[in-house]
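Computed from a predicted model, the values in this text were never measured in an experiment.
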Amino acid sequence: MSVKSDPLSYPPRGLSREEAARYVGVGTTKFDMMVADKRMPKPRKIDGRTVWDRVELDIAFSELPHQERENYFDIIFS
């Protein structure tokens, strides 16, 4: 099956395990751990393929905690 060329450029919605790990900035072992502990979403099945939804990865990534830092308002108003 050949993929038809598209004049529009857009990121893929479904990512492989390796692509999903790279997308969130970790290695595959760490990504597997994050899926297991539910910090990252479970994959979807497309026939025999396992793919991660890029939008779900974005949502999960946004819910990860920030590195501890001083509260911005405490710095400004102190």
Side-chain angles (χ1 to χ4, degrees):
M1 175 177 104
S2 73
V3 177
K4 190 174 181 182
S5 176
D6 190 336
L8 299 175
S9 178
Y10 47 88
R13 176 77 183 258
L15 304 173
S16 69
R17 174 177 165 260
E18 293 79 11
E19 291 168 332
R22 188 169 49 249
Y23 184 72
V24 298
V26 298
T28 54
T29 302
K30 174 58 79 176
F31 184 75
D32 292 344
M33 291 169 50
M34 295 175 79
V35 171
D37 67 20
K38 299 182 180 168
R39 288 182 287 170
M40 286 292 133
K42 289 187 175 188
R44 295 175 178 264
K45 286 290 194 177
I46 301 175
D47 298 328
R49 277 196 75 207
T50 301
V51 295
W52 275 262
D53 183 327
R54 180 179 43 83
V55 174
E56 291 175 355
L57 292 170
D58 285 337
I59 293 167
F61 188 87
S62 293
E63 293 176 359
L64 292 173
H66 286 91
Q67 182 177 2
E68 288 190 35
R69 60 180 179 213
E70 292 185 51
N71 186 321
Y72 174 77
F73 292 105
D74 290 344
I75 295 168
I76 299 296
F77 298 110
S78 53

Any pair counted as salt bridge (Lys or Arg N to Asp or Glu O under 4.0 Å), so long as it reaches residues 7-26, sequence neighbours left out: Arg13-Asp53, Arg17-Asp32
Nearest heavy-atom pair of Leu15 and Ala20: which atoms, and what distance? CB-N, 3.9 Å
Report the hydrophobic cluster partners of Val51, with the cluster defined as I, L, V, M, F, W, Y residues connected by side-chain heavy atoms closer than 4.5 angstrom, directly or transitively. Ile46
N/O donor-acceptor pairs under 3.5 Å from side chains in residues 58-65, not counting sequence neighbours:
residue : atom : partner : partner atom : Å
Asp58   : OD1  : Tyr23   : OH           : 2.7
Asp58   : OD2  : Tyr23   : OH           : 3.4
Ser62   : OG   : Asp58   : O            : 3.0

Using side-chain hydrogen bond (donor to acceptor under 3.5 Å, both in side chains) as the criterion, list what pairs up with Arg54, not counting sequence neighbours. none
Which pairs, with at least one residue in residues 24-55 and sequence neighbours excluded, count as a ring-ring contact (aromatic ring centres under 6.0 Å, His included)? Phe31-Trp52
Donor-acceptor pairs are to be reported for all side-chain atoms of residues 33-43 against protein atoms at under 3.5 Å, with residues two or more places apart or in another chain.
residue : atom : partner : partner atom : Å
Asp37   : OD1  : Arg39   : N            : 3.2
Asp37   : OD1  : Arg39   : NE           : 3.0
Asp37   : OD2  : Arg39   : NE           : 3.0
Asp37   : OD2  : Arg39   : NH2          : 2.9

